[in-house]
Amino acid sequence: MINRPRRNRLNPAIRGLIRETVVSPANLVWPAFVQEGNNLRTPIVSMPGISRLSIDQLVADCQRAFDLGIPAVALFPALDDSLKNSEGTESLNPNGLLQRAVKELKKTIPGMLVITDVALDPYSCDGHDGLVQDGKILNDETLPLLAEMAVAQAQAGADVVAPSDMMDGRVEAIRWALDDAGFPDVLICSYCAKYASAFYGPFRDALDSAPKEGDKKTYQMDPANAREAIREIMSDEEEGADWLLIKPGLPYLDIIRLTREHSALPIAAYHVSGEYAMLKAAAEKGWLDYESCLIESLISLRRAGADMIFTYGALDAASFMQK
Ligand code: PBG
């Protein structure tokens with residue numbers, strides 16, 4: 001036999017030299033849930049190991065993440081129902097929960113990037129990402145609200161705004177609004193191909209943000225479609241997106257690869273709540289090794305073409321990589 005592929009797997013030194021893909025803490029973004037209160041950590045049952053954190057606890061955990069080499073946090077606020085309305089106006093409150101969290105983080109850990117989610121759902125009594133009228137999710141009427149929300153987040157100090165709503169034309173609307181408000185350096189990480197996925201279940205538990213009526217299928221993409229993602233990639237790129245995010249992660253590796261082939265922009269993959277919950281649940285039963293499966297998931301996302309990965313396992317993965 002002339003060709004013996006196993007020669008290249010002979011020992012760790014050879015395997016290390018020829019390894020094609022690496023994942024390091026520098027590639028990770030930690031998504032975190034923030035709530036009102038002091039010294040509060042409220043566990044999320046469907047996401048073992050993850051809690052909704054009051055701002056002081058969030059800052060402490062972010063410091064730990066940053067010290068582990070994780071450069072960025074993505075914030076999701078859990079609001080009291082009394083603050084929600086159909087237009088999500090609380091999102092503009094300069095003293096609102098999210099804004100205070102951003103300010104506190106930028107004050108305490110200035111080097112850590114703060115990424116904020118631009119979508120109506122955590123603020124909306126309807127639980128949808130856009131304005132709802134007679135059961136319809138309005139597109140154009142939602143755009144100015146998203147643009148104002150992004151500006152409010154930039155004013156609080158957000159480094160990157162991440163529209164996750166899948167309304168048409170929102171990247172451009174947000175770009176103009178940010179520039180007009182004097183924030184030309186705030187980046188836009190566009191949830192470019194976001195699928196109408198059942199893997200978001202635990203996230204909606206965490207924020208109590210499930211749609212009150214209907215589903216998100218008129219704006220999030222059909223899991224059956226790949227070509228349609230190319231169209232979303234092209235338009236978000238033309239509208240001024242700085243990063244393209246694909247979501248969920250592992251079930252959509254082909255879409256990440258497709259994005260890599262169609263755009264030169266940096267790509268983010270979102271290893272979502274349901275993917276994290278599956279690993280944790282199987283590990284709790286003793287059926288899978290959590291850390292190895294987590295690292296393998298992250299490597300796979302990188303191999304498919306993702307530059308960065310949003311994952312609830314960011315701190316676990318980074319601690320593991322330090323060993
Ligand atoms: C909503 C939003 C969702 C997630 C991030 N932003 C849920 C949804 O679209 O219903 C999901 C994240 C996850 O499941 O980890 N704008």
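The figures that follow rest on heavy atoms only: side chains count, while hydrogens, waters and symmetry mates do not. Remember, it's 1-based here, ligands and their atoms both numbered in the order they're listed.
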[X] heavy atom under 4.0 Å from ligand 1:
X	value
F310	no
Y270	yes
D165	no

the protein heavy atom lying closest to atom 2 (C) of ligand 1 turns out to be K194 NZ, 3.2 Å
Give me the residue, atom name and distance of the protein heavy atom closest to atom 1 (C) of ligand 1.
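Protein heavy atom with the smallest distance to atom 1 (C) of ligand 1: D121 OD2, 2.9 Å.
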Side chains of [X] and [Y]: is there a donor and an acceptor less than 3.5 Å apart?
X	Y	answer
E36	S54	no
R204	S273	no
Y290	D316	yes

Under a 4.0 angstrom heavy-atom cut-off, which atoms of ligand 1 come close to [X]?
X	value
V272	13 (C), 14 (O), 15 (O)
A119	16 (N)
Y312	12 (C), 13 (C), 15 (O)
S273	13 (C), 14 (O), 15 (O)

Using heavy-atom distances only, which candidate in [options] approaches [atom] most closely?
atom	options	value
atom 4 (C) of ligand 1	M166, K216, H128, K247	K247
atom 13 (C) of ligand 1	Y219, Y191, F203	F203
atom 16 (N) of ligand 1	S164, A162, P163	S164

Looking at S124 and D126, would you say the former's side chain and the latter's main chain have a donor-acceptor pair under 3.5 Å?
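Flag set: sc S124 to bb D126 pair under 3.5 Å.
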Would you please classify the geometry between the F33 ring and the F76 ring as parallel, tilted or perpendicular, with 30° and 60° separating the classes?
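Plane angle between 30° and 60°, so tilted.
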Can you confirm whether S197 sits close enough to Q220 that some side-chain heavy atom of one is under 4.5 Å from a side-chain heavy atom of the other?
no
Just one of L68, L28, V22 clears the side-chain contact (heavy atoms from CB on, under 4.5 Å) bar with M321, so which one?
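Answer after filtering L68, L28, V22: L28.
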Mark yes or no: K194 above the aromatic ring of Y219, with NZ or CZ under 6.0 Å from the six-membered ring centre and no more than 45 degrees from the axis.
no
